[in-house]
J.: 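My questions will all concern the structure given below.
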Amino acid sequence: MVAILDTTLREGEQTPYVNFTLAEKIEIARLLDNIGVEMIEAGDPSVSASIATAVEKIARLGLKAEIVAHSMAHKKGIEKAHTCGANRVAIFYATSKIHLDTKLHKSQDEAIAIICEHIAYARSLGLKVRYTPEDATRTDFDFLVRVCNAAIESGADRISFADTLGIMQPHTMYDRVRALKEQLLPCKIDLHCHNDYGLALANAMAGIRAGADCIHTTVNGLGERTGIPDLAETVVAFHNLEGVQHYNIQPLMQTANYLEKVSGFFLAPNKPITGQNAFTHKSGVHTNGVLKDSRTYEPFDPALLGRERKIVIDKYTGKSAVAARLDEYGIEVSGAELEVIVLRIKNLGDQRKQLFDTDIIEIAEQVTGREIDVIPHDINALVMIEVESHTYTPAVVRRLRSFKDVSNVYEVTGEYDISTFVNVENVMALNNLIEELRSVPGVKRTETRVILKKYTANGNGGNYGNAG
Ligand code: HCA
Ligand code: CU
């Protein structure tokens, strides 16, 4: 049985350039609690006054999850964890030679004495204690066992096996956790796996197989450098591959989207589970398979996450995908017409980076010679943006280019500084996108112009919408 500790509020806020407001933190804690994570690491109260306030507010929300405060091995921090009302303090103190020698300037025995003293102090305040040997995976193994057992004897009931630099592999993680299980006094083992080689979740799963109890996650995989396992990937991987059923999957997308909004870190389209392309199919062979039976190219039904499958229409498209798209609009065409439509779509796709439903409808109109009176499901719009006077416009442009629905960004003259071309599925998505654009630092105001009809320019199908 796996447990999850989510540390979006602590490790996640250590993501370069990410800071949450108090209200955002409370909302994040509620979302996490709704998903059902067993522990929420709410922050290290001695880092700043606002973090202490946030930990305190979250600890008093009455959530189901255990609320954990992080702290270095110093009494003030532990005391703050206590006054904030946290259930548990996670005390971290590095154990690897490089950290002891160059950062802490302590011998191994001195380290053990400091760690034990602070754990005992936390216990005397009535706090539960997790001890984290920071950089555990680069720590001499015999010393690691010695320090962890001393920590357990002093009152820690959880040890976080921290792969602080993300250097483990699934098989090394498996072996190490097995050895730890054999040599440690009774305790729960947490796995804190950094993702420097993209192996974090795989390593964590291997560690659980070997007998560890808990995985640390963040929403969208936030964290120092390249972060730690993503909560949604972890929950869904355990649900589908390991039969772990006790988490609530439906709020995962909403939570991921909320974190995109408040962190300003946007998901790569190819991100597993929550990325835009996770259930999008493109080549003729794949779409043909999926339309016949989605199990051909989908590892699981996107409905699990409340998501829908998508089929891209462009030069790779085959007949079945085009037929299905026309069918969605109730456009009837003959077999011969369909062949010509597909051919034209391929031609246009050769010239353009992206095709929209408007293009497909237009081609169908031309080929059939009939006027087709349907409104495209997807919406194209121009969003004009004014940038704050003290803000460097290219910095805003760089941000905007990372939005998945923004396909063109222009710096322009006139009343507005930037013009963007956006393509979204519906009005609600347009509203959400505009709200996200407005929350980009440096954006002062926006004005949106929905495109009602697009005209072909010089026979090349127009050039807006070409990503570039
Ligand atoms: C850090 C500390 C930590 C602690 C992990 C934990 C790590 O270096 O910022 O307490 O479980 O990665 O070692 O995040
Ligand atoms: Cu970490």
Side-chain angles (χ1 to χ4, degrees), residues 2-16 18 37-48 51 55 66-74 77-78 81 86-100 102-104 111 115 118-119 122 127-139 144 147-148 151-152 156-168 173 176-177 180 184 187-197 199-201 203-204 207-208 212-231 234:
V2 67
I4 292 178
L5 171 143
D6 188 280
T7 178
T8 304
L9 297 172
R10 197 278 300 172
E11 177 82 51
E13 208 182 35
Q14 284 178 227
T15 309
V18 168
V37 303
E38 283 80 358
M39 287 173 273
I40 295 174
E41 196 162 78
D44 179 340
S46 36
V47 169
S48 84
I51 294 180
V55 175
E66 182 175 280
I67 305 303
V68 182
H70 214 240
S71 176
M72 294 197 291
H74 64 67
I78 295 166
N87 306 107
R88 173 185 293 277
V89 62
I91 300 174
F92 69 106
Y93 196 93
T95 47
S96 62
K97 182 164 168 33
I98 178 134
H99 279 237
L100 285 175
T102 62
K103 188 180 87 175
L104 299 167
I115 291 159
H118 288 88
I119 292 172
L127 287 162
K128 293 195 229 174
V129 178
R130 177 180 96 220
Y131 166 60
T132 299
E134 192 190 8
D135 204 13
T137 55
R138 291 196 304 177
T139 300
L144 182 67
V147 69
C148 289
I152 296 164
D157 65 353
R158 300 194 89 96
I159 297 291
S160 173
F161 186 51
D163 189 17
T164 307
L165 277 84
I167 55 162
M168 298 305 273
M173 180 60 103
R176 282 299 173 91
V177 172
L180 272 180
L184 290 192
C187 70
K188 298 273 189 201
I189 299 179
D190 287 25
L191 300 168
H192 183 94
C193 299
H194 274 266
N195 202 29
D196 295 74
Y197 288 102
L199 293 171
L201 178 55
N203 288 341
I208 293 292
D213 303 278
C214 170
I215 293 185
H216 292 191
T217 65
T218 55
V219 179
N220 299 347
L222 295 174
E224 290 273 356
R225 306 187 305 284
T226 54
I228 66 169
D230 165 49
L231 174 66
T234 306

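In each ligand, atom 1 is the first atom listed, and ligand 1 is the first ligand listed. Values in this document were obtained by computation on a predicted structure and should not be read as measured data.
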J.: Hey, which N, O or S atom on H194 ends up closest to the Cu ion (ligand 2)?
T.: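 Of all N, O or S atoms belonging to H194, NE2 is the one nearest the Cu ion (ligand 2).
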J.: Test your reading of the structure: does E224 have an N or O sitting under 3.5 Å from an N or O of ligand 1?
T.: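 Checking ligand 1 against E224, no N or O pair falls under 3.5 Å apart.
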J.: Is a side-chain N or O of E38 found less than 3.5 angstrom from the main chain of I4, in a donor-acceptor match?
T.: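 The answer is yes, because a donor-acceptor pair under 3.5 Å joins these two groups.
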J.: Indicate yes or no for a side-chain donor-acceptor contact from Y131 to the backbone of Y93 under 3.5 Å, with no hydrogens or angles considered.
T.: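 Between the backbone of Y93 and the side chain of Y131 there is a qualifying donor-acceptor contact (under 3.5 Å).
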J.: Flag H192 as yes if one of its N/O/S atoms falls below 2.8 Å of the Cu ion (ligand 2), otherwise no.
T.: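 It does: H192 brings an N, O or S atom closer than 2.8 Å to the Cu ion (ligand 2).
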J.: Based purely on interatomic distance, does D135 place a nitrogen or oxygen under 3.5 Å from a nitrogen or oxygen of ligand 1?
T.: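 Among all N and O atoms of D135, none is under 3.5 Å from an N or O of ligand 1.
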J.: Please check: side-chain N/O of R88 versus main-chain N/O of V129, any donor-acceptor pairing under 3.5 Å?
T.: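 Side chain of R88 to backbone of V129: a pair is present.
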J.: Tell me, which protein residue and heavy-atom name are nearest atom 14 (O) of ligand 1, and how many Å apart are they?
T.: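 Of every protein heavy atom, E11 OE1, 2.9 Å lies nearest to atom 14 (O) of ligand 1.
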J.: Angle class for the F92/H70 ring planes (parallel below 30°, perpendicular above 60°, tilted otherwise)?
T.: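 Ring orientation, 0 to 90° scale: parallel.
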J.: Has K103 got more than 12 heavy atoms of other residues, nucleotides or ligands less than 6.0 Å from its NZ?
T.: yes
J.: For ligand 1, which atoms have a heavy atom of H194 less than 4.0 angstrom away?
T.: 12 (O)
J.: So is R130 in contact with ligand 1, going by heavy-atom distances below 4.0 Å?
T.: yes
J.: Output the list of atoms in ligand 1 that are nearer than 4.0 Å to some heavy atom of Q14, sorted by atom number.
T.: 9 (O)
J.: Can you tell me the protein heavy atom closest to atom 11 (O) of ligand 1 and the distance?
T.: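 Minimum-distance protein heavy atom for atom 11 (O) of ligand 1 reads S160 OG, 2.7 Å.
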J.: Output the list of atoms in ligand 1 that are nearer than 4.0 Å to some heavy atom of E134, sorted by atom number.
T.: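 By the 4.0 Å cutoff, the relevant atoms are 1 (C), 2 (C), 8 (O), 13 (O).
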J.: Looking at the Cu ion (ligand 2), which N/O/S atom of E11 is the nearest one?
T.: OE1
J.: Can you tell me if, anywhere in E224, an N/O/S atom lies at a distance from the Cu ion (ligand 2) that is smaller than 2.8 Å?
T.: no
J.: Verify whether one side chain among H192 and E11 offers a donor that lies under 3.5 Å from an acceptor in the other.
T.: yes
J.: With heavy atoms of T164 as the reference, note each atom of ligand 1 found under 4.0 Å away.
T.: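 Answer, ordered by atom number: 7 (C), 8 (O), 12 (O), 13 (O).
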J.: Near A162, which atoms of ligand 1 are under 4.0 Å from a heavy atom of that residue?
T.: 13 (O)
J.: Where the side chain of N195 meets the backbone of A200, is there a donor-acceptor pair that is under 3.5 Å apart?
T.: yes
J.: Does A90 approach ligand 1 within less than 4.0 angstrom via side chain, backbone, both or neither, non-hydrogen atoms only?
T.: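 Neither part.
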J.: Geometry only, no angles: is E41 polar-contacting ligand 1 at N/O separations under 3.5 Å?
T.: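 No, there is no polar N/O contact under 3.5 Å.
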J.: Do the side chain of T8 and the main chain of T218 share a donor and acceptor less than 3.5 angstrom apart?
T.: no
J.: Is N203 reaching over with its side chain to a backbone N or O of C193, donor-acceptor style, under 3.5 angstrom?
T.: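 Checked: no pair found.
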J.: Between R10 and ligand 1, which residue portion shows a heavy-atom distance shorter than 4.0 Å: side chain, backbone, both, or neither?
T.: side chain
J.: Which of the atoms in ligand 1, numbered in the order shown and given with their element, are less than 4.0 Å from a heavy-atom of H70?
T.: 4 (C), 6 (C), 10 (O)
J.: Give a yes or no answer on whether the side chain of R225 reaches the backbone of D196 with a donor-acceptor pair at less than 3.5 Å.
T.: no
J.: Can you check whether I40's main-chain N or O pairs, donor with acceptor, with D6's side chain at less than 3.5 Å?
T.: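 Absent.
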J.: Relative to the heavy atoms of H216, which atoms of ligand 1 are at a distance of less than 4.0 Å?
T.: 11 (O)
J.: Judged by atom type as modelled, is there a donor-acceptor pair below 3.5 Å linking the side chain of T15 to the main-chain atoms of G223?
T.: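 At least one qualifying donor-acceptor pair exists.
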